[in-house]
Amino acid sequence: MENQRRTAVVEDLMERFPHVPREAVIKEDLLRGGMAFDESALSGGSAGDGGDVKPKSYFIFSFDHRTLPELGAAALNRPPEEIVLTGGTYDLRRTVVSVRVNPESPYRVKPGEDGSLGLYLDGARIADVGLPPMPDYYRHKLSNGKSVMEVAPTIQWGYLIYLTVFRVCQYFGAKEECQYCDINHNWRQHKAAGRPYTGVKPSDEILEALQIIDRYDTARTSTAYTLTGGAITSKVGGKDEADFYGSYAKAIEEMFPDRWIGKVVAQALPLDDVKRFHDYGVKIYHPNFEVWDKRLFELFCPGKERYVGREEWHRRILDSTKVFGPENVIPNFVAGVEMAQPFGFTTVDEAIASTTEGLDFFMSQGVVPRFTTWCPEPTTPLGKANPQGAPLEYHIRLLEAYRATLEKHGLSSPPGYGPAGPGNAVFSVSSFMDSLAPSPEAAV
């Protein structure tokens, strides 16, 4: 009965919000609640260089609804990095979805009677499923034997190279860690499972992996790279945050000038530090604001509040536009944590009003935020208390509010995220790009 009600929820929202693409309704539900896999639909292997399907790399967070020991077959025989949905009951246009595993999800990926993979809801096949092919560059190892997937995985159907060069965060413990973030646990669980999971990735390994990608990505599908990792409150390898992350950008841009769009996800840093990012060759800066509401920011991001503070964080975001230009400052927020109990808003109306206030604040000054759909990972305080995440209605109304606010201020989709529009978008961890007007950028 619970699963039957899920179909009713989905179809009710499709009817109530007909201007939100149906693709986005399904995608948001998969991102907020996860998907299950028949064992026969798993990618096979864990090294990232065998088989025909590109496996999930766990590029920074777990993005799963269970810990590795609780995933069963999906822990040993990895699921794919992403899936692509087409056709089916709702006549879906091509939709790329990041894989978040939940063995108890009402959505299940499995083969049909003819052997072709489908997405099933309540036992009914609602879409055809395509799996990401193993890229040629994943089949080649670095000189030290490490896989390209471990050092420089790609996501968004190959569009983005995700370089998590520091895999832990110096905001540590209950009084500092962001309450929705499992970066430190994800590091611990992969090490405990004996998986390769390099804490600090040496620059020479990054460059060697990029050489392999550049050589074998003959179609030039990879268009951007993101440098990221945990917050640095002291130093790593003798370098502060701007120099640590910036030094990788400098090395990459010197070896591969203008080959990729260089992006960095870091804290909201003082202007002099931001200038160093720009001088190192970074093109796009992501000083994520996480959640808009003042009280929730203080509760959910205690380390950021303690070391920087919400008002200063926002001031630094706006200051950074003097260096990068407003269009190239793209802060992320975690969509859904606004409704995380026991502290969050209790109605969708309140949560949407708050988030829209934040969108209006930034967009009125030319800054276009983006968002990641919250995955309530079970080892985080908010995930443990809210295993169902936020209501699907919140996510659908957010897409509506996001597009309306963008249009209100005469802005367009942010650069560095590939094409926009249903059937074109490749951004896989939320549907904001799927829900915007199609962009002139060719589909990937």
Side-chain angles (χ1 to χ4, degrees), residues 21 23-24 27 30-31 43 48 53-61 63 80-86 93-100 130-138 148-149 151-165 206 209-228 248-249 252-253 256 258-265 282-286 327-328 330 332 368 370-373 412-444:
E23 293 83 359
K27 181 170 176 174
L30 288 168
L31 292 172
S43 64
V53 176
K54 183 185 191 182
K56 182 169 177 170
S57 60
Y58 291 89
F59 50 90
I60 185 166
F61 312 117
F63 281 134
E81 185 77 76
E82 294 147 334
I83 59 173
V84 64
L85 305 176
T86 53
R93 289 162 287 190
R94 183 178 187 273
T95 306
V96 180
V97 187
S98 179
V99 166
R100 299 174 173 186
L131 301 179
M134 180 72 75
D136 286 344
Y137 49 79
Y138 267 24
V148 171
M149 186 184 78
V151 177
T154 56
I155 59 174
Q156 297 172 26
W157 219 256
Y159 179 90
L160 179 67
I161 306 169
Y162 208 92
L163 304 173
T164 311
V165 294
I206 296 289
L210 291 178
Q211 285 178 313
I212 294 171
I213 293 174
D214 185 53
R215 178 178 177 183
Y216 292 100
D217 179 21
T218 55
R220 290 297 192 259
T221 300
S222 61
T223 305
Y225 66 82
T226 291
L227 283 163
T228 188
Y248 289 92
I252 292 168
E253 294 303 324
F256 307 99
D258 298 320
R259 167 62 178 88
W260 296 285
I261 302 167
K263 307 193 283 185
V264 65
V265 179
V282 173
K283 300 294 193 300
I284 294 174
Y285 178 41
H286 298 296
E327 70 280 5
N328 294 317
I330 310 170
N332 185 69
V368 177
R370 51 101 173 184
F371 58 89
T372 300
T373 300
S412 57
S413 59
Y417 286 90
N424 295 325
V426 295
F427 187 67
S428 58
V429 293
S430 84
S431 301
F432 89 94
M433 289 294 285
D434 303 75
S435 303
L436 301 178
S439 65
E441 186 173 352
V444 176

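One is the number of the first residue; the rest follow in order along the sequence.
- Of all heavy-atom pairs spanning Asn332 and Thr372, the tightest one is OD1-N, 3.2 Å.
- Using bins of under 30°, 30° to 60° and over 60° for the plane-to-plane angle, the ring pair Phe63/Phe61 lands in the perpendicular bin.
- At a threshold of 4.5 Å between non-hydrogen side-chain atoms, the residues Arg94 and Val96 count as touching.
- Here Leu85 contributes atom CG and Arg93 contributes atom CZ; the two are 13.0 Å apart, rounded to the nearest 0.5 Å.
- Residues Thr226 and Gln156 have side chains not in contact (no heavy-atom distance under 4.5 Å, counting atoms from C-beta outward).
- At least one side-chain heavy atom of Arg100 sits less than 4.5 Å from a side-chain heavy atom of Thr373.
- Between the side chain of Ser57 and the backbone N or O of Pro55 there is no donor-acceptor pair closer than 3.5 Å.
- Of the residues Trp157, Tyr159, Tyr417, Phe371, the one that meets the ring pair (Phe, Tyr, Trp, His ring centres under 6.0 Å) test with Phe427 is Tyr417.
- For the pair Pro415/Lys283, no side-chain contact is recorded, criterion being any heavy-atom separation below 4.5 Å from C-beta on.
- Side chains of Ser413 and Arg370: a donor-acceptor N/O pair is absent below 3.5 angstrom, by distance only.
- Heavy atoms only, all atoms of each residue included: Ile261 and Gly416 are closest at CD1-CA, 4.2 Å.
- Across all their heavy atoms, Met433 and Pro414 have their closest contact at SD-CD, 4.4 Å.
- Side-chain atoms of Arg259 and Ile252, non-hydrogen and from C-beta on, never get closer than 4.5 Å to each other.
- Here the closest heavy-atom approach between residue Ile212 and residue Tyr137 is recorded as CG2-O, 3.7 Å.
- Residues Ser431 and Glu23 have side chains that never bring a donor and an acceptor to within less than 3.5 angstrom of each other.
- Taking CG from Leu227 and NE2 from His286, the interatomic distance works out to 10.5 Å, rounded to the nearest 0.5 Å.
- Judged by distance alone, the side chain of Thr164 and the main-chain N or O of Phe59 form a donor-acceptor pair under 3.5 Å.
- Annotation: the span from Ile213 atom CD1 to Tyr138 atom OH amounts to 7.5 Å, rounded to 0.5 Å.
- Residues Trp260 and Leu210 have side chains in contact (heavy-atom distance under 4.5 Å, counting atoms from C-beta outward).
- We find the CG-CD distance between Leu131 and Glu82 to be 11.0 Å, quoted to the nearest 0.5 Å.
- How far CD1 of Ile206 is from CG of Leu163: 4.5 Å, rounded to the nearest 0.5 Å.
- Considering all non-hydrogen atoms of both residues, Val368 and Ser412 come closest at CG2-O, 4.1 Å.
- In terms of modelled atom types and a separation under 3.5 Å, the side chain of Lys54 and the main chain of Thr154 share a donor-acceptor contact.
- Here the side chain of Asp217 pairs a donor or acceptor atom with the backbone of Ser222 at under 3.5 angstrom.
- Val264 places a side-chain heavy atom less than 4.5 Å from the side chain of Tyr285.
- Here the closest non-hydrogen pair linking Tyr216 and Asp136 is CB-CB, 4.1 Å.
- The line from CD1 of Ile155 to NZ of Lys56 is 11.0 Å long, rounded to the nearest 0.5 Å.
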